[in-house]
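Here's the structure we're looking at; comments come further down.
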Amino acid sequence: MIPMKSILKATVFALAAAAVFACGPKAPKVIPAIEPDAQVEAKVEQVLKGMTLEEKAGQMVQLSVDIITDPATGDVDPAKMDVIFGQYKVGSILNVLQGHSFDRVKTADFISKIQAKSMEHIGIPCIYGLDMIHGASYLTDGSLFPQEINLAATFNRDYAFQMGRAMAYETRAAQCPWVFSPVMDLGRDARWPRLWESYGEDPYMQAEMARVETIAIQGSDPNHIGLENAAVSIKHFMGYGVPLTGKDRTPAYIAENDLREKYFRPFKECFQAGALTAMVNSASINGVPTHANKKLLTGWVKEELGWDGMLVTDWADIDNLFTRDHVAADKREAVALGINAGIDMIMDPYDPECCNVIIGLVKDGSIPMERIDDAVRRILRLKVRLGLFENPTWEHDYPEYASADFAKQSYEAALESEVLLKNEGVLPLKETARIFVTGPNANSLRTLNGGWSYTWQGDADAFVPQYNTILEAIQKRFPRTTYAPGVVYDNAGGSWQSEDASGIAKAVAAARLADVIVACVGENSYCETPGNMDDLNLSANQKELVQKLAATGKPVILVLNEGRPRIIGDIEPLAKAVVDVMYPSNYGGDALAALLAGDENFSGKLPFTYPKHINALHTYDYKVSEHREVMDGSYNYDAVMDVQWTFGHGLSYTSFAYSDFVLESPADFKAGDDLKVSVKVTNTGDRAGKEAVLVYSSDLVASLIPDVKRLRGFEKVVLEPGETKTVSFVIPANELAFVGGDGKWRLEEGDFRLSCGGLGVMVRCSETKVWETPNI
Ligand code: BGC
């Protein structure tokens, strides 16, 4: 058996190897998720032995911090804590006070007081968890990075690593040992309001980035998490991102083979990389609420992978089993259903009575004591692994907290994440140009950051006004900048979608005096269910603004600042250039100004498919038979759907040529072999640039209709003008397997095409293999 430490070391080595441009996906192997550590296990058993049923039930409940806080002072309330820890013996607290965020010192003080009460009353440390989503999201003096969707657009694993490390380091510096990150829901439905929280639509990209982030957050030894690391809660297990309605927390219907092949993959990779906890999908798959899905929770995760970590519910989702989903008649039935399905900790934010419900269910035999012991073992194991028994609070120096290095990493990530989608010769801009900046997103830090930024729905303007908005950054770089918003988000108007368009005429008049218009449009920040909406089109007001600006005859540069691809099919032709900055965070404005000026070069590529029509929402890996274009009697594998921009699209100020895409391993292969390919990439322009090199496979004939293509590798290379680099990929042949209608992995005899940069090579699987194991 391979010890966990060496697996992680091998992974880190693979990351290092990426830097010399030879890398490939990790060969899928069935391994125990985390190698147990004898000392950790002994401590868990010792604590468990001395616990009463009341104490065990308490460990299984997590409450919101509001319940132990005095709203008048915003500080913890000792009397309330005495009840929660003394009477109910609650084991975990989460969240910040609604609408509040504190700096590191205050947060540390707050959590330390909670920890002291837990030790006083229970003798077991409390575990505090926070939604740190793109860095230390809830620390007002911490470091924020671009959101995950941006990091995906960099096609550069280093940024997932840097963000994860800074997030863990700063969170731990504030005495919090647990982050609800990374998010690995596949963003495969453009309507879904949490698309931007994920690494995009592709399972391989999502798995790669989330695995790297997990290792960065937790460090290399999940049994002993250091004082500069934290435990992850990978989320939301699983299939959360493709609700049929496009609305958050509504039912998904996912074919069983897709569930295994695509949606499970990122989770499996992270479980196997040592992820200590996972949060469950709030909604349902194929009619079964995930919180009640024993097959997935206990079967796929705990039994198949031998995973000994802890499953926590999402917000009040046990209640949702009876209030929303109607698969249980009342709270008692819902709690029994969830715990018996495999839930270990119930996030029941405002109901400490949940503890008594658990006790009652054990006493009347509805939940077996072994299940309770198993759940509590998992919770205690997490606390032991985090070192909380020795150090319920800790003293440690954190000199890198909010450091210039973290800020630099965030800025560089923003630079590599902003995607140039179109440029009809208008960019880069001259320093002397008279630039008219407009649009509701031009002067807003809230929109640069998106949700999970100081507050749940995002409110960066209130907390960190020191950073530059797009307008401020452009003003600093281009002295002849003017501004009028045209349309503004009416933040007091109730909904994040409220807008005031009364300034359009004024903006259009001002635009006439400029040489070029930078129109910053998109979305206000939002998060989760409040981000639901009924029309993926960019708002009518913003379209009108762009139409009227374009009618002035001045060139329009459209800057899209949005969490999901809002449809702009009718106004895109009016723009001379389009940049999608998504949510690049606090340095996103500075990065954009540098890119528009040409001080820096664009290198981001879309990690999702940008739709053009509302009735044509696609992912790049659609079924070949979904496309109507037929050549020579067969479907055209190179055809693309009628979308605005394809997955992987992104321009640069330089140009790249691909050549010599060659197969370096035999063209005939079998399961277990490695396919080796290399390609030459040349910078054919006159300035330096970075290019994300993407390699795909296409299965030409399969017993289930094959996906038209699938991403199998990516590397980012830096090229000086005229320079050529050879980029190599190793693709384990097993990666080309798919899950058949019978739920079994199959690699089928026949032809496959590998492609890269418009070039292709053919390979042939000489022997069909069907696996009997659920994971390969
Ligand atoms: C969200 C989770 C989050 C949790 C705790 C839920 O509403 O779905 O992503 O981690 O709240 O704040």
Side-chain angles (χ1 to χ4, degrees), residues 61-67 69 92-101 107 111 127-139 147-149 167 171 176-187 192-199 210 213-214 217 230-243 247-252 266-267 270 275-284 289-291 310-321 323-325 338 343 345-351 450-458 525-532 563:
V61 173
Q62 183 185 50
L63 299 177
S64 167
V65 71
D66 307 274
I67 209 158
T69 310
S92 180
I93 301 289
L94 87 149
N95 218 0
V96 292
L97 269 180
Q98 262 215 345
H100 289 67
S101 274
T107 306
I111 297 177
I127 180 160
Y128 202 101
L130 281 172
D131 285 287
M132 300 308 206
I133 301 296
H134 58 126
S137 325
Y138 276 140
L139 295 173
Q147 297 279 3
E148 275 189 25
I149 197 67
M167 172 201 290
T171 305
C176 177
W178 189 19
V179 295
F180 302 143
S181 241
V183 181
M184 54 191 72
D185 306 311
L186 299 181
W192 188 50
R194 304 189 76 170
L195 180 137
W196 52 274
E197 289 184 54
S198 80
Y199 286 111
E213 189 187 331
T214 295
I217 293 171
V232 298
S233 189
I234 58 178
K235 67 187 189 182
H236 306 77
F237 180 75
M238 67 179 173
Y240 181 32
V242 284
K247 303 280 201 302
D248 189 42
R249 285 174 154 77
T250 60
F267 288 95
C270 289
L276 290 179
T277 80
M279 189 184 292
V280 176
N281 166 11
S282 197
S284 61
T290 325
H291 284 79
M310 194 270 276
L311 286 177
V312 61
T313 72
D314 199 344
W315 190 268
D317 273 320
I318 292 296
D319 281 2
N320 279 332
L321 294 178
T323 57
R324 182 192 66 193
D325 295 333
I343 294 294
M345 181 182 276
I346 299 179
M347 186 191 291
D348 203 346
Y350 300 108
D351 187 10
W452 298 123
S453 304
Y454 309 106
T455 63
W456 177 44
Q457 296 294 310
S525 76
Y526 54 83
C527 200
E528 300 183 39
T529 309
N532 285 344

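Atoms within each ligand, like the ligands themselves, are counted from 1 in listed order.
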- Can you sort out which atoms of ligand 1 are near W315, meaning under 4.0 Å from one of its heavy atoms? 6 (C), 7 (O), 11 (O)
- Message: Could you check whether any side-chain heavy atom of I67 comes within less than 4.5 Å of a side-chain heavy atom of P349, counting everything from C-beta outward?
- Response: no
- With S233 via side-chain hydrogen bond (donor to acceptor under 3.5 Å, both in side chains) - residues at least two apart: T277
- Message: Determine whether a donor-acceptor pair (N or O, by modelled atom type, separation under 3.5 Å) exists between the side chain of Q457 and the backbone of C527.
- Response: yes
- Under 4.0 Å from a heavy atom of D314: give me the atoms of ligand 1 that qualify, with their elements. 1 (C), 2 (C), 3 (C), 4 (C), 6 (C), 7 (O), 8 (O), 11 (O)
- Contacting atoms of ligand 1, where contact means under 4.0 angstrom from a heavy atom of K235: 2 (C), 3 (C), 9 (O), 10 (O)
- Identity and distance of the protein heavy atom lying nearest atom 7 (O) of ligand 1: E528 OE1, 2.7 Å
- For M279, take its heavy atoms, then give the atoms of ligand 1 lying under 4.0 Å from any of them. 2 (C), 10 (O)
- Query: What is the nearest protein non-hydrogen atom to atom 3 (C) of ligand 1, stated with its residue, atom name and distance?
  - Reply: D131 OD1, 3.2 Å
- Of the backbone atoms (N, CA, C, O) and the side-chain heavy atoms from C-beta on, which set of R194 has a member under 4.0 Å from an atom of ligand 1: side chain, backbone, both, or neither? side chain
- By side-chain hydrogen bond (donor to acceptor under 3.5 Å, both in side chains), which residues pair with S101, not counting sequence neighbours? none
- A student checking ligand 1 against H236 at a 4.0 Å heavy-atom cut-off should list atoms 2 (C), 8 (O), 9 (O)
- Message: Please classify the N95 to ligand 1 contact at 4.0 Å (heavy-atom distances, strictly less than): side chain, backbone, both or neither.
- Response: neither
- Task: Kindly give the heavy-atom pair with the smallest separation between P182 and E213, and that separation in Å.
- Result: CB-OE1, 3.2 Å
- Message: I'd like to check whether Y240 has a polar contact with ligand 1, where a contact means an N/O of the residue lying under 3.5 Å from an N/O of the ligand.
- Response: no
- Message: Can you tell me if R249 contacts ligand 1 (heavy atom of the residue under 4.0 Å from the ligand)?
- Response: yes
- Message: Looking only at the side chains, is there a donor atom on one of E528 and W456 sitting less than 3.5 Å from an acceptor on the other?
- Response: yes
- Got a donor-acceptor contact below 3.5 angstrom from the S198 side chain to the W196 backbone? no
- Query: Y240 pairs by side-chain hydrogen bond (donor to acceptor under 3.5 Å, both in side chains) with which of T290, D185, D248?
  - Reply: D248
